[in-house]
Amino acid sequence: MIGSCPFVYWDVEVEWEREIIYYIRFKPRKTGASGLVPLPVRLFLAGKRTDIQGCVSDVLLNSGAYAHIYERVVSIPYGETASYGLIARDLATSPRLVGLAMKRNPTPLVIPCHRVVGKNGIGGFSPDIRIKEELLALEKRIKKTGRKDE
DNA sequence: CAGTGTTCAGGAT
DNA sequence: ATCCTGAACACTG
């Protein structure tokens, strides 16, 4: 199945099968059509603290050179962050490879690459750094109050 | 080989 | 304090 729903200035396009999400990408808003994505994604983007990690595809976690990196990133709790360098040290790899793995991440949100930041600075995010800023701000807000506003 | 969503040390302003 | 470099990192196309 494939569908999309809006988030701030973008459309979030999701590709999934049963409970598992295989692909997510952000595109400039065009349609504005909503609702055609799995419920956890809708809730998450609406600012609800939900277990979106349950939708992760296990082939990403079990195969390929980035598997252990993705596995580590999935374990970062809601509202918290870890640096490229910290993750690299944990896994005995290099910070640049962590960055590369994040750039190639097929399922942002599910594998929360927005929670991986630079040691001093936010780091990168494609296609638009503002997406990362919005997501981090959102999680920070919810983490504190448990609600979307205030 | 060049390139990557980094990080660190060293040195100059 | 900030602003350059340059190099090492592990892996990919």
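What you are looking at is a predicted structure, and each value in this text was computed from that prediction instead of being measured. Letters A, B, ... are given to chains in the order of the sequence lines, protein chains preceding strands, and every chain is numbered from 1.
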Quickly work out the [X] [atom1] to [N] [atom2] distance and round it to whole Å.
{"X": "A:Ile69", "N": "B:dT4", "atom1": "CD1", "atom2": "P", "answer": "17 Å"}
{"X": "A:Leu100", "N": "B:dA2", "atom1": "CG", "atom2": "C1'", "answer": "13 Å"}
{"X": "A:Ile87", "N": "B:dT6", "atom1": "CD1", "atom2": "P", "answer": "13 Å"}
{"X": "A:Met102", "N": "B:dT6", "atom1": "CE", "atom2": "C1'", "answer": "13 Å"}
{"X": "A:Leu97", "N": "B:dA2", "atom1": "CG", "atom2": "P", "answer": "19 Å"}
{"X": "A:Phe125", "N": "B:dT6", "atom1": "CZ", "atom2": "P", "answer": "14 Å"}
{"X": "A:Ile122", "N": "B:dT7", "atom1": "CD1", "atom2": "P", "answer": "13 Å"}

Mind checking [X] for me? I need base, sugar-phosphate or nothing, with any heavy atom below 4.0 Å counting as a touch.
{"X": "A:Val116", "answer": "base"}
{"X": "A:Gly123", "answer": "nothing"}
{"X": "A:Thr93", "answer": "sugar-phosphate"}

I want to check something: taking the side chain as every heavy atom from C-beta on, are [X] and [Y] in contact at a cut-off of under 4.5 Å?
{"X": "A:Tyr78", "Y": "A:Ile142", "value": "yes"}
{"X": "A:Tyr66", "Y": "A:Asn105", "value": "no"}
{"X": "A:Ile69", "Y": "A:Met102", "value": "yes"}
{"X": "A:Leu109", "Y": "A:Val14", "value": "no"}
{"X": "A:Leu86", "Y": "A:Arg72", "value": "yes"}
{"X": "A:Ser75", "Y": "A:Gln53", "value": "no"}

Please test A:Phe26 against A:Val12 for side chain to side chain contact (heavy atoms under 4.5 Å, CB included), starting from the C-alpha separation and ending with a verdict. CA-CA 5 Å; A:Phe26 292 83; A:Val12 184; 3.7 Å; yes
Secondary-structure stems for DNA chain C, with pairs counted as Watson-Crick or G-U when both distances are under 3.5 Å and runs at least 3 long: B:1-4 with C:10-13, B:6-13 with C:1-8
Which parts of nucleotides 8-13 of chain B does protein reach within less than 4.0 Å, heavy atoms only, written one letter per nucleotide 5' to 3' as B for base, S for sugar-phosphate only and - for none? S-----
When the nearest nucleotide of DNA chain C is assigned to A:Pro95 and to A:Gly64 on a heavy-atom basis, which residue is associated with the more 5' position? A:Pro95
Measuring from A:Ser4:OG to A:Trp10:CH2, what's the distance to the nearest 0.5 Å? 15.0 Å
Gap separating the CD1 atom of A:Ile111 from the CD1 atom of A:Ile76, nearest 0.5 angstrom: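 If I round to the nearest 0.5 Å, the distance is 11.0 Å.
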Closest to side chain of A:Arg96, choosing from C:dT12, C:dA8, B:dT7: C:dA8
